[in-house]
Amino acid sequence: MSDYTELDKKQDVHILHSMGYAQELERRMSSFSNFAVSFSIICILSGGINSLAQATSGAGGAAIGIGWPLGCFISLVFAIAMAQISSAYPTAGGLYHWGSILGNRFTGWLTAWFNLLGLVTVLGAINVGTYYFFMGSFGTSYLGLTDTTTVRIIFLVIITGAQALVNHMGIGLTAKLTDFSGYLIFATSIALAVVCLAAAPSYEIGRLFTFANYSGEVGGNVWPTTSGAWVFLLGLLLPIYTITGYDASAHTSEETVKAAHSVPRGMVASVLWSALFGYIMLCSFVLMLPNMDDAAKQGWNVFFWAMDSQVNPIVKDILYLAILVCQWLCGLATVTSVSRMIFAFSRDGGLPASKALSKVSPQYRTPVAAIWTGSILSVLFVWGSSLVSIGDTPVYTIVVSCTVIFLFFSFAIPIALGLFAWGTSKWDKMGPWNLGEGMFKLFAGLSILAMILIFILGIQPPNEWALYITVGFLVVTGIVWFGFESRRFKGPPIGAEVAKRQAEIAAAEAAVGESGEK
C-alpha cells in the first residue's frame with residue numbers, strides 16, 4: 001500500500017473522528033482486501049454449490065440460465081444503494097450507523113439487531129454447509145464418518161475456532177488469507193467450469209433456457225408441488241441467498257485505507273464478479289448433467305451425484321479440496337464481519353457486556369471478545385436449534401430460512417431511510433462515490449420492491465414457519481425496545497456529543513498505540 005500517504009491516513013482518521021469514534025482498529029486492508037472480504041463471504045463455491053438444488057430441482061436449466069442473472073441483479077440493487085451511503089459514512093458496523101443517522105435511535109437499533117442476528121446465524125449456516133460438503137466429499141467415503149449431531153458440532157467447534165483464532169491474531173493475517181481466498185475462488189470456479197465442460201456429453205445450450213417444473217416428488221421434494229411460474233420464482237433464492245454478505249466491506253471500513261472510496265467499490269465489485277463467475281460455473285455444471293430429469297431427482301445431492309458420474313476421481317478430489325478451503329475461508333471472512341458488527345454496536349452500549357465486547361486488543365488491534373463471542377454464539381445456535389424440531393423440521397432449518405430475510409431487512413432499513421433523508425439535514429453531504437440523487441432514489445426504490453419479493457419468497461413452503469419467526473422477532477424487539485432500550489440506549493454520537501468525545505477518542509487511541517491525526 002505504498003500509495004497510501006500520510007495525507008490519506010489523516011483524511012480517513014478525520015472522517016472517523018468527525019463521527020465521534022477513535023481509530024482503535026488498524027488500517028491494514030487495501031482496496032482489494034476490502035473487495036476480497038465481501039467476495040469471500042459471498043463465495044459462489046459455498047452457497048452456489050450447497051444450495052444448487054433450489055434451481056436444478058425447481059425450474060431446471062432456466063433457473064440457472066435466466067434465474068441466476070435475475071437474482072444477482074436483485075442483490076446488486078441493494079449493493080449499489082448501500083455503496084452510496086457507505087461512501088458518506090465509512091464506519092465499522094456501517095448499517096447500524098446508517099440506520100441511526102438517517103433515521104433515529106430506534107431504526108438504528110432495529111437495523112443492528114436484524115443484521116447481528118442474520119450474521120450470527122449465517123456464520124453457523126456457512127460452516128454447517130462446509131461440514132456437509134466435507135462429509136459428501138471426504139468425510140464419509142475416506143474417513144468413514146457418520147452424520148450425527150456430535151460429529152457435526154465437533155467439526156464446527158474445530159473450524160469455527162480456527163477462524164476465530166486467525167481473526168484474533170490481527171487484521172493483517174486475516175486480510176492476507178481473504179486476499180488469497182479471492183484469487184482461489186476465481187481460479188477454482190474457472191477450473192470447475194473447465195472440468196464440467198470437458199466432461200459434458202454434449203453442449204445443449206438450449207437447456208439453459210428451457211423451463212421445467214420439478215416441484216414435488218420429481219425434484220426430490222426440494223420444493224412442494226406448485227406451478228411452473230412459482231417454482232421459477234422460488235429458484236431465485238439460489239442467487240439471492242448466495243449473493244449476500246457484501247456488507248462486510250462496510251463492516252471493515254475502519255480497517256480499510258481510503259475507506260470512502262474503497263468500501264463502495266468493494267461492495268459493488270464483489271457482487272458483479274461473483275455474479276459473472278458464478279454464472280460461468282453454474283452454466284457449465286448444467287451442461288455437464290447427463291439428463292435434467294435424473295439430476296432433478298437427486299435433490300440436495302445433485303452436485304456430488306453429477307461429479308461422481310461424470311468427472312475423473314483424482315480431478316474431482318483436487319477440486320473438492322480447493323472448494324473446501326474456499327468454504328473455510330468464507331467462514332473466516334464472516335467471523336470478521338460478525339465481530340466488527342458486535343464491536344461497533346457495543347461501543348455505543350447496544351449489547352449486554354458492551355464494555356468488554358467493544359474492547360480492542362492493544363497487541364493485535366482486534367476486538368478479541370467480539371470475535372470469540374460471535375463465533376461461540378454461531379456454534380451454540382447450530383447445536384441448540386438442531387436438537388429441537390417443529391413437526392418434522394429442525395428449528396435450525398427454519399431459522400436459517402429466516403437468516404437472509406433478516407440480513408436483507410437490515411440492508412433495506414437504512415436504504416429506505418436514505419430515500420427520504422437525501423438532501424435534508426440528516427444527509428446533506430455525499431461521499432466521493434456519488435450516484436446522484438436520481439440514480440440513488442431509483443436503486444433505493446428498487447431495493448424496497450426487491451425486499452418485498454424476498455420476504456414473500458422466503459416464507460413459502462417448506463419455509464412457512466419463517467413468517468412466524470420473523471413476526472415473533474419483531475414483537476420481541478418491540479417489547480424490548482419500548483420496555484427497556486428506549487430509555488437506556490443513546491445510539492451513536494451526533495452533533496454536540498461528537499465534540500464531547502474528543503478526550504475519550506485520544507485516550508482510546510493512546511491505549512492501542514495509535515497516533516491518530518497528525
Colleague: More than 12 heavy atoms of other residues, nucleotides or ligands under 6.0 Å from CG of Leu143: is that the case?
Modeller: yes
Colleague: Decide yes or no for Ser249 and Phe35: does some side-chain heavy atom of the first lie under 4.5 Å from some side-chain heavy atom of the second?
Modeller: no
Colleague: Are there more than 12 heavy atoms of other residues, nucleotides or ligands under 6.0 Å from atom NZ of Lys176?
Modeller: no
Colleague: Assess, by modelled atom type and distance only, whether the side chains of Thr149 and Ser386 contain a donor and an acceptor separated by less than 3.5 Å.
Modeller: no
Colleague: Regarding His251 and Asn115, is there a side-chain donor-to-acceptor distance under 3.5 Å anywhere?
Modeller: yes
Colleague: Only pairs at least two apart or in different chains count here, so list each salt bridge (Lys or Arg N to Asp or Glu O under 4.0 Å) that has a residue in residues 329-339.
Modeller: none
Colleague: Taking OH in Tyr203 as the centre, count heavy atoms belonging to other residues, nucleotides or ligands within less than 6.0 Å. Is the count above 12?
Modeller: yes
Colleague: Just list the side-chain donor-acceptor pairs under 3.5 Å for residues 225-235, sequence neighbours left out, or say none.
Modeller:
{"unit_1": "Ser227", "atom_1": "OG", "unit_2": "Trp230", "atom_2": "N", "d": "3.2"}

Colleague: Could you go step by step and tell me if Asp147 and Arg152 meet the salt bridge (charged side-chain N to carboxylate O under 4.0 Å, His left out) rule?
Modeller: CA-CA 7 Å; Asp147 177 27; Arg152 191 182 318 132; 3.4 Å; yes
Colleague: With a 4.5 Å limit on heavy-atom distance, are the side chains of Val335 and Ile371 in contact?
Modeller: yes
Colleague: Quick one: OG1 on Thr140 to CZ on Phe134, what's the gap to the nearest 0.5 Å?
Modeller: 8.5 Å
Colleague: Which residues satisfy the side-chain contact (heavy atoms from CB on, under 4.5 Å) test with Thr470, sequence neighbours excluded?
Modeller: Cys402, Ile405, Phe406, Phe409, Phe455
Colleague: Using ring centroids (six-membered ring only for Trp), state whether Phe411 and Phe408 fall under 6.0 Å.
Modeller: yes
Colleague: Decide yes or no on salt bridge (charged side-chain N to carboxylate O under 4.0 Å, His left out) for Arg365 and Glu255, but give the supporting numbers first.
Modeller: CA-CA 10 Å; Arg365 299 288 295 275; Glu255 291 153 288; over 6 Å; no
Colleague: Are Tyr320 and Phe133, when compared by the centres of their aromatic rings, separated by less than 6.0 Å?
Modeller: yes
Colleague: For Met169, I'd like to know if atom CE has over 12 heavy atoms of other residues, nucleotides or ligands within 6.0 Å.
Modeller: no
Colleague: Are the side chains of Asn312 and Lys316 in contact, using a 4.5 Å heavy-atom criterion?
Modeller: no
Colleague: Taking the six-membered ring for Trp, are Phe180 and Tyr183 closer than 6.0 Å centroid to centroid?
Modeller: no
Colleague: Can you give each donor-acceptor pair under 3.5 Å made by side-chain atoms of residues 294-307, sequence neighbours left out, with the distance rounded to 0.1 Å?
Modeller:
{"unit_1": "Gln298", "atom_1": "NE2", "unit_2": "Asp294", "atom_2": "O", "d": "3.2"}

Colleague: Taking C-beta and beyond as the side chain, do Arg27 and Asp12 meet within less than 4.5 Å on heavy atoms?
Modeller: yes
Colleague: How would you list, by chain and number, every residue that makes a side-chain contact (heavy atoms from CB on, under 4.5 Å) with Ser202, sequence neighbours excluded?
Modeller: Glu204
Colleague: Testing the 3.5 Å rule here: is there a donor-acceptor pair between the side chains of Trp433 and His261?
Modeller: no
Colleague: Check residues 185-199 and write down every donor-acceptor pair under 3.5 Å in which the side-chain atom is one partner and the other belongs to a residue at least two apart or another chain.
Modeller:
{"unit_1": "Thr188", "atom_1": "OG1", "unit_2": "Leu184", "atom_2": "O", "d": "2.7"}
{"unit_1": "Ser189", "atom_1": "OG", "unit_2": "Ile185", "atom_2": "O", "d": "2.8"}
{"unit_1": "Ser189", "atom_1": "OG", "unit_2": "Phe186", "atom_2": "O", "d": "3.0"}

Colleague: Is the shortest heavy-atom distance from the side chain of Phe277 to the side chain of Met281 under 4.5 Å?
Modeller: no
Colleague: Between Gln327 and Asn127, is there a side-chain donor-acceptor contact under 3.5 Å, judged purely by atom types and distance?
Modeller: no
Colleague: Return yes if a side-chain donor-acceptor contact under 3.5 Å exists between Ser375 and Ser378, otherwise no.
Modeller: no
Colleague: Would Asn34 and Ser262 count as having a side-chain donor-acceptor pair, cut-off 3.5 Å?
Modeller: no
Colleague: May I ask you to test the Thr111-Pro414 pair for a side-chain heavy-atom distance under 4.5 Å?
Modeller: yes
